[in-house]
Asker: 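Mind looking over this structure? Questions follow.
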Amino acid sequence: MRPRVISLLAAGGAVSLFVAVLAVVIGAGRAESPRPSPTIVSIGGAKVTTVPPPTRAVVTSNFPDPDVIKVGNTYYAYATNDNGVRLPIATASSLGGPWTRQVGDGLAGLGAWAAEGHTWAPDVSPRGDGTFLLYYTARLKNTEDQCIGVAVAASPLGPFDPVGAEPLICPLGHGGAIDPAAFVDTDGTRYLLFKSDSFSALHPAAIYLQRMSADGLRPEGSPRRILVRDREPTLIEAPAMVKRGGKYVLFYASGVFFNSSYRTGYAEASSIIGPYVKADRSLLSTDGYRDKVIGPGGADIVADANGDHIVFHGILGFLGGRRVIRGMFVADLAWANGRPVVRGSPTRYEAERGRLDNCIARAERTASADAAVGYLDYPDSGVAVSVYAPAAGGYAVRVRYANRGTRPAAHGLRVNGAAVATLTYSAVHAGQWRTTTAVHVALRAGWNTLYVHRVTGQAELDYIEVA
């Protein structure tokens with residue numbers, strides 16, 4: 001969607017306003033920060049080159065609501081209006097950068113219905129005739145209502161020329177429409193996802209699916225509401241859809257874009273019209289990233305020869321009120337039994353769902369998923385959990401435990417059969433659930449086995465998180 005003291009917040013620190021302002025005004029045509037340098041890790045005795053998961057932006061100037069496509073050997077990224085430019089565009093030869101912001105404006109003008117200065121959340125997609133389609137959000141002239149327009153260009157760099165004197169999607173009875181996202185099904189049918197912008201009890205904000213003509217320029221039939229807010233904070237918005245393993249996966253944001261509540265979730269369905277079942281936890285969140293990425297949202301999914309990737313924005317600076325600087329992040333995305341797994345963002349594996357050796361699963365109201373593993377009291381007690389790594393390399397493992405004894409306890413951690421660490425559990429907070437500090441391990445791409453086994457004491461396990 002659109003764009004606390006004046007500072008840049010990093011994990012545990014603050015950077016001056018000068019840096020925040022500098023991030024906004026980085027000149028067009030300048031190269032942005034490259035992805036972190038590759039490192040070498042050893043996996044099963046073999047040397048593997050890997051890139052660290054993202055903890056900083058690959059586009060460090062203001063670049064909200066990123067949408068990315070690949071054409072030929074070049075990646076093109078599009079963002080919400082910034083510094084007078086309706087459609088900012090950045091290009092790179094690699095998703096990880098360096099990215100270069102292009103000079104000029106990718107959108108030649110707005111439809112006659114739209115007011116200048118209020119365009120955001122662009123979506124660009126190729127058409128079969130070699131041209132490119134842009135859906136954009138803009139404000140109706142002389143109102144506060146927002147609607148969706150469409151434009152076409154012969155090149156992914158534009159300039160995109162608006163089509164029609166009226167907005168493409170404009171359900172004013174539902175508060176208007178924002179956040180367009182194109183989706184083409186495997187049978188070639190074209191759809192447009194969008195969010196209604198109402199906050200009324202009668203028509204709450206929701207995500208809709210609209211079938212489109214083959215050229216993408218006309219709605220066909222009526223839009224269908226496919227997702228509404230229930231337990232999410234504030235609202236849901238910013239849809240993006242892919243089809244993987246025969247299922248439709250709908251990514252969406254919730255919270256408010258200008259603070260740390262903003263996050264990314266997902267829902268799945270066997271039919272494009274639903275019903276969509278939401279995941280029980282956020283895919284990306286400030287807490288999940290342990291404040292290394294603030295407000296991760298506005299996600300887009302990019303597929304290339306190396307697999308799937310997720311592109312999203314995070315807050316780099318707070319300028320007061322709703323004014324924030326949001327940069328673009330990129331992370332590897334993979335699928336574990338149909339569930340999306342993002343490198344760098346924690347995936348939780350419940351201990352009670354693993355293989356239990358001489359221990360038992362028990363109901364526990366204070367534990368995640370209302371269950372935990374106890375009675376790890378014997379030399380051969382342990383829990384084996386299968387975890388998925390989107391790419392080979394280094395990962396952070398954390399274990400949630402409760403020391404039920406009055407003395408320190410310890411568990412051993414093995415990765416794919418190799419002992420890597422001893423986890424020591426203090427007795428200071430006996431009986432309370434606590435989370436270990438990160439243990440850094442090397443994982444191979446795909447499935448790996450983590451085995452937590454008793455060394456001393458009486459500790460129970462709740463879950464293992466891998467990021």
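Only a predicted model underlies this, so the values are computations on that prediction, with no experimental measurement involved.
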Asker: Could you go step by step and tell me if R281 and E465 meet the salt bridge (Lys or Arg N to Asp or Glu O under 4.0 Å) rule?
Answerer: CA-CA 13 Å; R281 299 184 68 243; E465 280 190 342; 3.4 Å; yes
Asker: Counting distance only, does the side-chain N/O of D197 pair as donor-acceptor with the main-chain N or O of I178 below 3.5 Å?
Answerer: no
Asker: Are the side chain of S282 and the backbone of L284 linked by a donor-acceptor contact shorter than 3.5 Å?
Answerer: no
Asker: Hey, is the main chain of W335 close enough, under 3.5 Å, to the side chain of N337 for a donor-acceptor pair?
Answerer: no
Asker: Distance from F63 atom CZ to I89 atom CD1, nearest 0.5 Å?
Answerer: 8.0 Å
Asker: Can you check whether G344's main-chain N or O pairs, donor with acceptor, with K292's side chain at less than 3.5 Å?
Answerer: no
Asker: Look at the side chain of S125 and the backbone N and O of A182, then say whether any donor-acceptor pair between them is shorter than 3.5 Å.
Answerer: no
Asker: I'd like to know if the side chain of T80 reaches the main chain of A121, judged simply by a donor and an acceptor atom lying under 3.5 Å from each other, with no hydrogens or angles considered.
Answerer: yes
Asker: Going by the rule side chain to side chain contact (heavy atoms under 4.5 Å, CB included), which residues pair with D300 if we only count those two or more places apart in sequence or in a different chain?
Answerer: D67, V68, V302
Asker: May I have all residue pairs that pass disulfide (SG to SG under 2.5 Å) and include part of residues 64-102, sequence neighbours excluded?
Answerer: none
Asker: With sequence neighbours excluded, what pairs up with D185 under the salt bridge (Lys or Arg N to Asp or Glu O under 4.0 Å) test?
Answerer: K243
Asker: When you check the side-chain N and O atoms of R101 and S61, is any donor under 3.5 Å from an acceptor?
Answerer: yes
Asker: Kindly compute the distance separating OG (S345) from CG (D287), expressed to the nearest 0.5 Å.
Answerer: 10.5 Å
Asker: Run L461 and R400 through side-chain contact (heavy atoms from CB on, under 4.5 Å) and show every step you take.
Answerer: CA-CA 6 Å; L461 291 180; R400 192 172 193 237; over 6 Å; no
Asker: With a sphere of 6.0 Å drawn around CZ of R224, does it hold more than 12 non-hydrogen atoms of other residues, nucleotides or ligands?
Answerer: no
Asker: Return each pair, listed once, that meets disulfide (SG to SG under 2.5 Å) where at least one residue sits in residues 266-296; pairs must be two or more places apart or across chains.
Answerer: none
Asker: With a 4.0 Å cut-off, would you call D308 and R244 a salt bridge?
Answerer: yes
Asker: Tell me, please, whether Y395 has R343 positioned over its six-membered ring: NZ or CZ under 6.0 Å from the ring centre and within 45 degrees of its axis?
Answerer: yes
Asker: Atom CZ of R353 and atom OH of Y463: how far apart are they, to the nearest 0.5 Å?
Answerer: 13.0 Å
Asker: So, the side chain of Q210 versus the backbone of G221: is there a donor-acceptor pair under 3.5 Å, distance only?
Answerer: yes
Asker: Who pairs with D129 by side chain to side chain donor-acceptor pair (under 3.5 Å), at least two apart in sequence or on another chain?
Answerer: T131
Asker: Using the disulfide (SG to SG under 2.5 Å) rule, collect all pairs that involve residues 119-219, keeping only residues at least two apart or in two chains.
Answerer: C147-C170
Asker: Using a strict cut-off of less than 4.0 Å between a Lys/Arg side-chain nitrogen and an Asp/Glu carboxylate oxygen, indicate whether D179 and K195 qualify as a salt bridge.
Answerer: no
Asker: Sequence neighbours left out, what passes side chain to side chain contact (heavy atoms under 4.5 Å, CB included) with K278? Give chain and number order.
Answerer: L227, D230, R231, E232, Y252, A267
Asker: Taking only Lys NZ, Arg NE, NH1 and NH2, and the carboxylate oxygens of Asp or Glu, determine whether D280 and R348 approach each other closer than 4.0 Å.
Answerer: no
Asker: Where do W447 and S386 come nearest, in terms of heavy atoms and distance?
Answerer: CZ3-O, 3.6 Å
Asker: More than 12 non-hydrogen atoms from neighbouring residues, nucleotides or ligands closer than 6.0 Å to CZ on R229, yes or no?
Answerer: yes
Asker: Flag this pair as yes if the NZ/CZ of R339 is under 6.0 angstrom from the six-membered ring centre of Y349 and inside a 45 degree cone about the axis; otherwise no.
Answerer: yes
Asker: Under 3.5 Å, is there a donor-acceptor pair between the E237 and Y262 side chains?
Answerer: yes
Asker: What pair of heavy atoms forms the shortest contact from A369 to E352, and how long is it?
Answerer: CB-OE2, 3.8 Å
Asker: With sequence neighbours left out, write down each residue that passes side chain to side chain contact (heavy atoms under 4.5 Å, CB included) with N306, or none if nothing qualifies.
Answerer: D304, H309
Asker: Using atom types as modelled and distance alone, determine if a side-chain donor or acceptor of D332 lies under 3.5 Å from a backbone N or O of P390.
Answerer: no
Asker: Taking the side chain from T119 and the backbone from R86, do they hold a donor-acceptor pair closer than 3.5 Å?
Answerer: yes
Asker: Assess the side chains of W99 and T91: does a donor N or O sit below 3.5 Å from an acceptor N or O?
Answerer: no
Asker: Counting heavy atoms not belonging to K70, are there more than 12 under 6.0 Å from its NZ?
Answerer: yes
Asker: Which residue pairs satisfy the salt bridge (charged side-chain N to carboxylate O under 4.0 Å, His left out) criterion with at least one member in residues 150-168, sequence neighbours excluded?
Answerer: none
Asker: With sequence neighbours excluded, tell me which residues meet salt bridge (Lys or Arg N to Asp or Glu O under 4.0 Å) with D370.
Answerer: none
Asker: Could you pull out all residues at least two apart from R190 that satisfy salt bridge (Lys or Arg N to Asp or Glu O under 4.0 Å)?
Answerer: none
Asker: Taking S261's backbone N and O only, do any of them form a donor-acceptor pair with R263's side chain (distance below 3.5 Å, no angle check)?
Answerer: yes
Asker: Supply the atom-to-atom distance I226 CD1 to L209 CG, rounded to the nearest 0.5 angstrom.
Answerer: 5.0 Å
Asker: Holding to side chain to side chain donor-acceptor pair (under 3.5 Å), I want the full list of residues that pass it with Y78, two or more places apart in sequence or in another chain.
Answerer: none
